[in-house]
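Quick note on labels: first sequence line is chain A, next is B, and so on, each numbered from 1.
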2 protein chains.
Amino acid sequence: MGITKSELFKKRQNKMATLAKAFDHPARVAILEHLLAHQTCICNDLVDVLPLSQSTITQHLKELKNIGIIKGEIEGPKVNYCIDEKVWEEAKDIFLNMFTRYVKQNDCC
Amino acid sequence: MGITKSELFKKRQNKMATLAKAFDHPARVAILEHLLAHQTCICNDLVDVLPLSQSTITQHLKELKNIGIIKGEIEGPKVNYCIDEKVWEEAKDIFLNMFTRYVKQNDCC
DNA sequence: TTCCCATAACGCAATATTACGATATAAGGA
DNA sequence: TCCTTATATCGTAATATTGCGTTATGGGAA
C-alpha cells in the first residue's frame, strides 16, 4: 500500500525509521554533507552543487526540516539552513546504540 | 518520478543511502533488533513477533538481504537469517563518520 | 514603483514502496 | 505417498516518493 503501519511499532523504532530517512536518499546525504562541510549555514549554493533542479532541492530540504534534522532561518530574501544540533545528537545516539549492539557470533550462518 | 538519479551522485552517498534504507522502516528496525537480541539466527519467529503478515515480512527480509546487511542460510525447510558482519561494520563506519563530522557552531541559525 | 533574486508551493507524471491474500515450492515427517 | 510447515513468489491495490516545470511570494535594489 505504500502506507506504513507505524502505529503497530514501538516509538523508538518509528523514530529511528524517521531519522534514517534523512540519509536514505543520496541527495539528502549530499545536502547534509554540504551543511557539515560549510560550517556557516548555506542557502541555495546547493542548486549549483547538486545535479537537481531548484524545486527538487527545496523539496528535499523541506523533508529534512520535517524530520527535524535541519532548521532554516529566514534572512532577508534567503534562507540559512543548518544542522539542528539536538536532533543530530539524538540520531547519533540512536544509531550508535543500534550499531554497537552487535556482538560477533560463533558462526550461525 | 519516484526514480532516484543515483548516477548523478557519488558512490559513497549512494552507498549510505542504500544502507540507510535498512533502517528507514520500523518493521526493518524491528527485524534487525530481533536479530541482534537473539544471538542465534532466527527464521520466522518474526511472524509471531511482528504485526505484519508473513508475505510482508518475507518482503522486508528480502529487502534487507538485497541491501546486504543480513544473510540467510537455508537449513532444511527453514531459513536462518543473521546480520552480515562485514556489511554491518561497514554501515557502522559510514554512519559514525557522518555523525562525528558535525562540529558545534557559534550560532549561525 | 518596478524589476530581479532566492525560495516556496502547486500540480503533474513516473516510479517505488508497503501490504496482503492467494498460490507456489521445497523439505521433513506421518 | 500425502500432509504439514516454512518460505517465497505473484498479482493487486493503495499510497509515497522523486523530479520537474511553472507559478507564486517576499524582500531588496534600481
Ignoring hydrogens and angles, tell me if any N or O in the side chain of B/H34 forms a donor-acceptor pair with the backbone of B/A30 under 3.5 Å. no
Tell me the interatomic distance from A/D24, atom CG, to D/dT17, atom P, rounded to whole angstroms. 9 Å
Please state how far atom NZ in A/K5 lies from atom C1' in D/dA14, giving the value in whole angstrom units. 12 Å
Reckon A/T56 touches a base, only the sugar-phosphate, or nothing at all at heavy-atom distances under 4.0 Å? base
Which is more 5' along DNA chain C, the nucleotide nearest A/P77 or the one nearest A/F9? Just name the residue. A/P77
May I ask you to verify if any side-chain N or O of B/H60 is less than 4.0 angstrom from the OP1 or OP2 atom of C/dT17? no
Quick check: any donor-acceptor pair below 3.5 Å linking the side-chain of A/Q54 to the base of C/dA8? yes
Roughly how many Å is it from CD in A/E75 to C1' in D/dG28, rounded to a whole number? 13 Å
Side chain B/S55 and base C/dG21 donor-acceptor under 3.5 Å: yes
Which whole-number value in Å describes the distance from A/H25 NE2 to C/dA16 P? 12 Å
By nearest nucleotide on DNA chain C, pick out whichever of A/K21 and A/K65 is the more 5' one. A/K65
Whole angstrom is fine here: how far is it from CD1 in B/I3 over to P in D/dA16? 21 Å
Charged N-O contact under 4.0 Å between B/K104 and A/E85: yes
Looking only at N and O atoms, is any donor in the side chain of A/Q59 or the base of D/dC20 less than 3.5 Å from an acceptor on the other one? yes
Does A/Y81 put a side-chain nitrogen or oxygen below 4.0 Å from OP1 or OP2 of C/dA6? no
Please state how far atom NZ in B/K78 lies from atom P in C/dG29, giving the value in whole angstrom units. 11 Å
Please report the distance, rounded to the nearest Å, between CG in A/N66 and C1' in D/dT17. 13 Å
Which part of the nucleic acid does B/L61 contact within heavy-atom distance under 4.0 Å: base, sugar-phosphate only, or nothing? nothing
Verify the distance criterion only: is there a donor paired with an acceptor across the side chains of A/S55 and A/S53 at less than 3.5 Å? yes
Quick one: B/L46 CG to D/dA8 P, roughly how many Å, whole number? 11 Å
Aromatic rings A/H25 and A/H60: how do their planes relate, parallel, tilted or perpendicular, breaks at 30° and 60°? tilted
With a 4.0 Å cut-off, would you call A/K10 and B/E33 a salt bridge? no
With DNA chain D as reference, determine whether A/T4 or A/P51 sits nearer its 5' end, using the nearest nucleotide of each. A/T4
